[in-house]
Protein chains: 4
Amino acid sequence: MFERLFVPEELREGFSDGAWLQAMLDVERALAAAEARAGLIPEDAARAIAEACRADRFDPAAIGEAARSPGNPVEPLVRAVREAVGGDAAQYVHHNATSQDILDTASMLVARRAVGMILESLEGLCGECARLAEAHRATPMIGRTLLQQALPTTFGLKSAGWLLGVLEARELLLRIREERLAVQLGGPAGTTGSQLAKLLSEELGLAEPVAPWHTNRVRIAELGCALGIAAGAAAKIGLDIGLLSQNEVDEVSEAEGGASSAMPHKRNPIGSVLAVACARQAQAQAGVLLGSMVQEHERALGAWHAEWPALVGALSYAGGAADASLRAVTGLDVHQDRMRANLEASGLGSDVGSAEAHVDRALAAYREVA
Amino acid sequence: MFERLFVPEELREGFSDGAWLQAMLDVERALAAAEARAGLIPEDAARAIAEACRADRFDPAAIGEAARSPGNPVEPLVRAVREAVGGDAAQYVHHNATSQDILDTASMLVARRAVGMILESLEGLCGECARLAEAHRATPMIGRTLLQQALPTTFGLKSAGWLLGVLEARELLLRIREERLAVQLGGPAGTTGSQLAKLLSEELGLAEPVAPWHTNRVRIAELGCALGIAAGAAAKIGLDIGLLSQNEVDEVSEAEGGASSAMPHKRNPIGSVLAVACARQAQAQAGVLLGSMVQEHERALGAWHAEWPALVGALSYAGGAADASLRAVTGLDVHQDRMRANLEASGLGSDVGSAEAHVDRALAAYREVA
Amino acid sequence: MFERLFVPEELREGFSDGAWLQAMLDVERALAAAEARAGLIPEDAARAIAEACRADRFDPAAIGEAARSPGNPVEPLVRAVREAVGGDAAQYVHHNATSQDILDTASMLVARRAVGMILESLEGLCGECARLAEAHRATPMIGRTLLQQALPTTFGLKSAGWLLGVLEARELLLRIREERLAVQLGGPAGTTGSQLAKLLSEELGLAEPVAPWHTNRVRIAELGCALGIAAGAAAKIGLDIGLLSQNEVDEVSEAEGGASSAMPHKRNPIGSVLAVACARQAQAQAGVLLGSMVQEHERALGAWHAEWPALVGALSYAGGAADASLRAVTGLDVHQDRMRANLEASGLGSDVGSAEAHVDRALAAYREVA
Amino acid sequence: MFERLFVPEELREGFSDGAWLQAMLDVERALAAAEARAGLIPEDAARAIAEACRADRFDPAAIGEAARSPGNPVEPLVRAVREAVGGDAAQYVHHNATSQDILDTASMLVARRAVGMILESLEGLCGECARLAEAHRATPMIGRTLLQQALPTTFGLKSAGWLLGVLEARELLLRIREERLAVQLGGPAGTTGSQLAKLLSEELGLAEPVAPWHTNRVRIAELGCALGIAAGAAAKIGLDIGLLSQNEVDEVSEAEGGASSAMPHKRNPIGSVLAVACARQAQAQAGVLLGSMVQEHERALGAWHAEWPALVGALSYAGGAADASLRAVTGLDVHQDRMRANLEASGLGSDVGSAEAHVDRALAAYREVA
């Protein structure tokens, strides 16, 4: 019930049982194709395996249930795929691989899709912030430090600050998507050949790592941190909008304000609220991913398993934060008269210094990459 | 897919859309009954409302979807219940209450059920640890500090240490279940009368708070922390069993060891692995609940919303840790010969000091409360 | 530089090198006294050891430096004490104990003193909140949910909510101080006799545990969580005061507002700011203590060591939060006229419902324990 | 006492009161120089200010104490510098700046120095791991998954995995040092001119940001996360060495093993222990920095202040983890005979697959950047 409230539906679908199943099957299929190209298994076998690797041929609930015994879903899935393939080809399913190879590489596929969606939200958010920065480049308002009126600024500069935060977070995620989402292939002890990893990376369009990374989890932690940062940049916007929406301040209102069960007069800044809430969860999951870097030998006693829900959580709630923040800024009602009135009431003058020049620089930086 | 692996099915069901829906409906029903007793609404209306408050009459997905606009599921649920009740009685649905009253009180109902299941797992775990402590009261083994052989101890004392940790965690949860799971009733600004809260607490069998606790979240943080502590106590057992299961140590094996997709010879300590993994997630959620205590005015700008998935996560994964640890210890295969051999190889003698006396004290403490 | 800003001096002194040294020496002295009472060492030796166990006879910096090699300060301290005692008695220093016994028990002494100071701050905070609740029992103001004006309440009820949060946190800490700060005595593998632990607990006025708790860290995690909760309850007050101090709201000002380096017109809510900042650090340290529960065998490979700075941090910053929040509420300037004006501007009436009755109940609960 | 145990002395000195004071004075000096170059203040004034900006002319304790009232040390420092400068020039001290400009920019200077030292430790660690990888490229040992013997690998490949983790973490920190440590200059509301920021960045050798980043904290969170990742990569090594050092495994021992206060026979893996302990603290501080991204308006109500101890903690303990891990690997005693014996006892053959090829690739990647 709550995930539906926080996480956009399209993103959630990417973490469904079916989506995970398909991702794991995609890896088994690509592995067979790579092995055939390397001459390690017959081409016929690879074709038969490709044929079988369709999620709709398997029951995710049954596989999920069967996962409880070995402690991961790959073992029962491999058994099921072998059965589905049948004949001589069955023995070539999962050849040279271990459960972790499949699950880690499938995680990368799931993450790639989700990061793509999150990037879209972040880009939408950048666009809206840029629009506000441009439109309100010179709209004066009072700047506030420690929640006290400080000196004049412009709403454009505030929006430009939001823009730069999201832009920087986006750059982190972009770099990770391009360079750090890599195939994992090492077999049970990480000693499987790197030539096969190269072919597998070509099949799947993922990066090729220097070596198997089964217990070198820097890339997972990087991804988690970038998601926590993206959520934080989005939630900063939400917090500001929530504060500006206070009746006593009343400088903005969300276009699509939320209704209240008891108070029909209210127009709640729900996008802001959800962005702030999502960031807390996304950042906690980043913390789990950081902590889980400290893994035993060639596969951890729990820290690897701990990554799975944490990665899903970090992707879900970073996406939720970006989406909620986008909801908050889209069509944001900017009350310039109230900004002006609050500024005048502050008695702190009207000199906005270089606010407009800062806006221009921020917009230029944005346009360079947009 | 992963939740199924980590969280026992019965526990998961308690967090299903249907379960949440029913919990919220139970609160609306009990509220109407309390109001009728207080003479605030007609008895007929309370009866009509009770009639309508059955989860199978509503569509959780539709309510979950409709929750996105107001930012919580109560607002659409109240509309749906009003429609289901119809007529004059409809106006008495949700009377004097605000969304937070319903959701907070429903959370307490959901938590009570889940804590009950977790307590059962913890009690099972205590029972198994006590059994091991008693059976191996005098079974000598080497004690290890910083993973180095230190001085002799007994496997009974090790098990008694596990027992005491779980026992102490259980006591925390018991106290919270008895004293701290309370109704929340305050209306939009926390000013609704306390007489009604008393009646509502009687209807639901929850504690009556001194005053509305809409933004005094100590009890939620206490619950989260107790769950994190329970998970930690369970995972300590898992870690020890995982370490003792190392082939080179080989002093125990889990009865129901996990299979491997690539290595049929392995008997993995999967209960241990899952306990350790679950604790990381449960404790991260405890951290979210702690952080979310700092709430704005009479309802927070996001920190309240952040509690919902965190509470579900803390309950789920504390239960998962207890369950996994119980799986690990149940029928644990204790290799006394290997314990003796490792002890002898250490050359550190065989004096186990007061180990047996410590075991006796631990078992006495256990029997006092079991 | 920053600790001085966040942590009250008296509290900081309790974590100085000298204070830690004295706490460890107090444990060695008490251990010798207990052993003499048990007839395990000569009374003369105990007297000689007591004579030597004065912090001013040792160089904390030298001992701290020498701690790097064994990884804890007890080993070099014991060597230094033996040298200071000299003669036959030297052999009875640290008799039957291991480093962890001394350090864990010393931590309990350090924690007891710090918790005492924190409780004083919390009690001061309760007193101030109670004073505000009583004085403003009926002072009307607008209640705010999601930062939007909702329905009328009273400033007394808001203060009563603060009071109850702090009161509940105080109760947790009180219980821990009375029941959970216990001696640790187990020797290298936790097998040292419990009779000695009983005598040691009498010497030091700490609780006697059921058995050695070297890797059963529930009590440490409980303490950490209670500190995180206390900090959260204090920071809730700070956040509210910060929000009410906004120029546009202007319903309160801190008596001792902070100056600004650039803007002499500002009166910053510094107590509030510091309370919010401290809570983040205290709660993060609670998280470290939770995570560190999962310890290997009879002494952990790092998780025990991780507790030391975390416990100091949790105590320091919980104390800092309580102190800062006390600074914020003491002499708080309550602008009743602005409360009234904001309420009127809201157009939401003036019915404060049962606010006054809630205040009375909160004050009664407070008086019962004050 | 504990910081001395965990954090290398040279690193600690970089966070002393004197070091912070000098960093803030360096910023005031550079600001005056930049303003003189821009023609905003007389050159004479800049020279007089430069003269005064020497830490030994001020009392850090007094400034720290005076910081409690305004809530930051810049305000009393500026007063003290103005007094030290005297005459007409005094008015040009802190011209166009606000406290946050000085403190944020000083933080960047402090961080740059500390990151430099941490990078040195990480580079030392890479060198030692590379040495081990090369020397033991083909030294066979058993690979372990879930702490169970799995398939053969080589100690060189294990070391190469350590190397790659540290190398990746180092790259993150390098990039941050080059691109993300930037001057902050915005004045009270972030509207101070960007031309001045450019000049200031030239004076200090820090990056020039697109715009003031007073409440866009992405760069701080990035730094915190990179430190948490570096600590995690270092602690992974520590955990492995601790596990391999178990008496029953006995495949390595630290050269400089720690002594025990009670058990002279022990040779504790203290470097490993400390690395694991430090990582927990560094990663918790990264979490505080992530959470503190969500800042109010133009300066946060506490979240900015929360960054100060968190940044110091993250730098300190990441450095501590790198240093401890370096201590663990330096001169590591590798027991090839025991590796061989454990491998043979496993009965899992001796085929190390492509282990050596993976080592070569890792070493090539290292040499490219070393």
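When heavy atoms are compared at a cutoff of 4.5 Å, Leu172(B) approaches chain C solely by way of its side chain, counted from C-beta outward. Contacts of Glu356(B) with chain C are absent, with no heavy-atom separation under 4.5 Å from either backbone or side chain. No part of Ser292(B) comes within reach of chain C, as not one of its non-hydrogen atoms sits under 4.5 angstrom from that chain. For Ala365(B), the part lying near chain C is the side chain, with the backbone staying farther off; criterion is any non-hydrogen pair under 4.5 Å. Only the side chain of Arg180(B) has a heavy atom closer than 4.5 Å to any heavy atom of chain C. Heavy-atom distances place both the backbone and the side chain of Thr153(B) under 4.5 Å from chain C. Using a 4.5 Å cut-off between heavy atoms, Leu164(B) contacts chain C through both its backbone and its side chain. Only the backbone of Val352(B) comes within contact range of chain C, judged by heavy atoms closer than 4.5 Å. Proximity to chain C (any heavy atom under 4.5 Å) is shown, for Ala235(B), by both the backbone and the side chain.
When all heavy atoms of Ser354(B) and Gly193(C) are compared, the pair lying nearest together is OG-CA, 2.9 Å. Across Pro188(B) and Ala150(C), no two heavy atoms sit closer than the pair O-CB, 4.3 Å. For Pro152(B) against Ala189(C), the heavy-atom pair with the smallest separation is O-CB, 4.0 Å.
With respect to chain C, the highest number of heavy-atom pairs below 4.5 Å among Leu301(B), Val210(B), Ile237(B), Asp351(B) belongs to Val210(B). Interface check for chain C: of the options Ala211(B), Ala160(B), Ser194(B), the most heavy-atom pairs under 4.5 Å are formed by Ser194(B). The greatest number of non-hydrogen atom pairs below 4.5 Å with chain C, out of Leu243(B), Leu289(B), Val218(B), Thr154(B), is found for Val218(B). Most heavy-atom pairs under 4.5 Å with chain C, from the set Gly287(B), Ala284(B), Gly190(B), Ala169(B): that is Gly190(B). Of the listed residues (Gly353(C), Ala226(C), Gly232(C)), the one with the most heavy-atom contacts under 4.5 Å to chain B is Gly232(C). Ranked by non-hydrogen atom pairs under 4.5 Å with chain C, the options Gln195(B), Arg219(B), Glu168(B) are led by Glu168(B). With chain B as the partner, the residue from Ala233(C), Pro212(C), Gly242(C), Gly228(C) showing the most heavy-atom pairs under 4.5 Å is Pro212(C).
Taking OG1 from Thr215(B) and CG from Asp240(C), the interatomic distance works out to 6.5 Å, rounded to the nearest 0.5 Å. Distance check, rounded to the nearest 0.5 Å: CD of Glu171(C) to CD of Glu222(B) gives 8.5 Å. Note that NE2 of His358(C) and OG1 of Thr192(B) are 6.5 Å apart. Values are rounded to the nearest 0.5 Å.
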Practice prompt. Carefully, step by step, assess Leu239(C) and Gln295(B) under the rule side-chain contact (heavy atoms from CB on, under 4.5 Å).
Written response: CA-CA 7 Å; Leu239(C) 179 57; Gln295(B) 302 205 343; 5.8 Å; no
Fill in: Derivation and outcome, side-chain contact (heavy atoms from CB on, under 4.5 Å), residues Asn216(C) and Lys236(B)
CA-CA 8 Å; Asn216(C) 163 15; Lys236(B) 151 66 176 163; over 6 Å; no
Worksheet entry | Test log, rule side-chain contact (heavy atoms from CB on, under 4.5 Å), inputs Leu157(C) and Thr191(B) | CA-CA 8 Å; Leu157(C) 181 50; Thr191(B) 57; 3.9 Å; yes
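When each of His305(C), His297(C), Glu296(C) is tested with Leu146(B) by the rule side chain to side chain contact (heavy atoms under 4.5 Å, CB included), just one qualifies, namely His305(C).
For Gln283(B) (side chain) and Leu290(C) (main-chain N/O), a donor-acceptor pair under 3.5 Å exists by modelled atom type. Of the possible donor and acceptor atoms, none in the side chain of Arg299(C) sits under 3.5 Å from a partner among the backbone N and O of Gln148(B). Of the possible polar contacts, one joining the Glu298(C) side chain to the Arg144(B) backbone as a donor-acceptor pair under 3.5 Å is found.
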